[in-house]
Amino acid sequence: MQLTESIAKQIVKRAMKIIKYSVNVIDKNGIIIGSGDLHRINSRHEGAVLAINENRIVEIDNATAKKLRGVKPGINLPVIFQHQVMGVVGISGDPAEVHHYGELVKMTAELIIEQSALTTQIQWNKRHREELVLQLIQGSLLNEGQLESIAERLDLDLAQPRIAAIVKIDSFNGDHLSLEYLQELVELLEYPERDNIVAIVSVPMNEVVVLKPIILSDSDWSRKEEEKRIQQLIKRIASEGKFTIRIALGGYFPTLHGLSKSFMTAKATIESSSSKGNVLFYQDNILPVLFHGLKNDLWRYDQLCQPVTGLKKNHQETLLKTLTVFFNQNCDIAQTCKTLYIHRNTLRYRLDKIALETGLDINKIDERTRLYLAVITQ
């Protein structure tokens, strides 16, 4: 930690609001870096050098001031931080008059330095936490021992099983979302939540990633607790009334390097889901996620979507909606009719029409599967 010009200006400004005398801040080399008298900045203060070298208060009267270079009558006190002399604060004036202000100005200076050091440490930790998160989700070349060593220095527990979740901010009215909203979301995710590791991954996409602690169960991991916490987060955000969020939670993969897979599943889930819900789980969208990548393989993607494409070209939106609801209801006739508010005969007519339009028989498992895949990948 160093006594900088920025900190010196803060000390001078704060101190001179309290006392009427000019205040000087001198660095450990004896150079004035902040002063109520701007003409004295960058000049060497020999009285301050004496205070630094001997770590004591140095009072200077008129006679002594004439013997020393860059000095005026006043009092000079060493500024201490973590048991080291950082520099000196001086008050210009008759020593007898300014003496009783000395400890007050010294305390003000040391408090400002401590606050600046704490802010710097917090910013350092935050920056390195984000760098660690990016290492973990992008598939780091570092081994687990190296990653754990970095985490230990940041007081993070990587032994705790985690999944990756992507939280995406949506504005209410399509307005531009500033970085301030992303930073506010990060704070909401970090406090008072338990041991979340959070980082902004995309400012243009308004996305934040969270490495969330989870409780492992025999089959996979427990969703119940996470669902409760997510709903609490959504309520807190709603109470602010500034933005809404969508959140996608990836799958669990053992080891630290599994976090990159978890992140990829969360990313694919939020990109591929056609659901209007604001909370998405990879486990509920495995097939759409796995087939989402086919969009980059154009001819296969076109062939997969061909049945649905045909319905769209022929403006058969009612048939497409019917097919979508039918699959969403797990091919249950009764539930599909209930959801669409139609009679069973109407549903059968529409399914027959879909078979005629697409050339695929919904009663045959392979052709039904092709229709289903076409629907979920559109």
Do [X] and [Y] sit in the same hydrophobic cluster, where Ile, Leu, Val, Met, Phe, Trp and Tyr count as joined when their side-chain heavy atoms come under 4.5 Å apart?
X	Y	answer
Ile19	Ile57	yes
Ile18	Leu77	yes
Tyr181	Val203	yes
Leu104	Val23	yes
Ile75	Val58	no

Under 4.0 Å between a Lys/Arg side-chain N and an Asp/Glu carboxylate O for Glu317 and Lys321?
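A salt bridge is absent here (no side-chain N lies under 4.0 Å from a carboxylate O).
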Less than 4.0 Å between a side-chain N and a carboxylate O, is that true for Arg127 and Glu130?
no
Sub-4.5 Å side-chain heavy-atom contact between [X] and [Y]:
X	Y	answer
Arg40	Ser22	no
Ile333	Phe326	yes
Leu3	Ile11	yes
Ile230	Leu249	yes
Ile237	Ile234	no
Val201	Ile166	no
Leu136	Leu158	yes
Val25	Ser35	no

Backbone N or O of [Y] within a donor-acceptor pair of the [X] side chain at under 3.5 Å?
X	Y	value
Thr369	Ile365	yes
Lys168	Asn206	no
Asn285	Val289	no
Asn29	Ile31	no
Gln329	Thr336	no
Thr64	Ile60	no
Arg129	Ile197	no

Which pair of non-hydrogen atoms, one from [X] and one from [Y], has the smallest distance, and what is that distance?
X	Y	answer
Ala164	Leu259	CB-O, 4.3 Å
Asn24	Gly36	OD1-N, 4.5 Å
Ile163	Gly251	CG2-O, 3.8 Å
Ala374	Leu304	CB-O, 3.2 Å
Ala51	Pro78	O-CG, 3.7 Å

With sequence neighbours excluded, give me every salt bridge (charged side-chain N to carboxylate O under 4.0 Å, His left out) pair touching residues 50-62.
Glu54-Arg56
Contact list for residues 5-15, test salt bridge (charged side-chain N to carboxylate O under 4.0 Å, His left out), sequence neighbours left out
none
List for me each residue that meets ring pair (Phe, Tyr, Trp, His ring centres under 6.0 Å) alongside [X], sequence neighbours excluded, and say none if there are none.
X	value
Phe81	none
His128	Trp124
Tyr372	Phe327
Phe253	none

Pairwise distance [atom1]([X]) to [atom2]([Y]) - rounded to 0.5 angstrom:
X	Y	atom1	atom2	value
Asp284	Leu280	CG	CG	8.5 Å
Arg370	Leu360	CZ	CG	5.5 Å
Tyr252	Leu216	OH	CG	4.5 Å
Glu357	Leu323	CD	CG	12.0 Å
Thr120	Gln2	OG1	CD	11.0 Å
Leu371	Thr358	CG	OG1	5.0 Å

Applying side-chain hydrogen bond (donor to acceptor under 3.5 Å, both in side chains), which residue pairs with at least one partner in residues 71-91 are found, sequence neighbours left out?
Asp37-Lys72
Residue pairs fulfilling side-chain hydrogen bond (donor to acceptor under 3.5 Å, both in side chains) with at least one residue in residues 258-271, sequence neighbours excluded:
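Listed once each, the pairs are Glu207-Lys267.
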Quick one: do Tyr101 and Lys20 satisfy side chain to side chain contact (heavy atoms under 4.5 Å, CB included)? Show the steps, please.
CA-CA 10 Å; Tyr101 292 117; Lys20 61 182 180 180; 5.7 Å; no
Hey, which of Glu225, Glu227, Glu226 is the one that makes side chain to side chain contact (heavy atoms under 4.5 Å, CB included) with Arg223?
Glu227
Going by the rule side-chain contact (heavy atoms from CB on, under 4.5 Å), which residues pair with Val186 if we only count those two or more places apart in sequence or in a different chain?
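Val186: side-chain contact (heavy atoms from CB on, under 4.5 Å) contacts with Lys126, Glu190, Val198, Ile200, Val208.
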Check whether more than 12 heavy atoms from other residues, nucleotides or ligands sit under 6.0 Å from atom CD of Glu131, and answer yes or no.
yes
ring-ring contact (aromatic ring centres under 6.0 Å, His included) partners of residues 32-62, not counting sequence neighbours, each pair once
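Matches after skipping sequence neighbours: none remain.
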ILVMFWY clustering at 4.5 Å (side-chain atoms), partners of Ile52
Ile26, Ile32, Ile80, Val85, Val88
Side chains of residues 337-355: which donor-acceptor partners sit under 3.5 Å, not counting sequence neighbours?
| residue | atom | partner | partner atom | Å |
| --- | --- | --- | --- | --- |
| Thr339 | OG1 | Gln335 | O | 2.8 |
| His343 | ND1 | Asn345 | N | 2.9 |
| Arg350 | NH1 | Thr322 | OG1 | 3.0 |

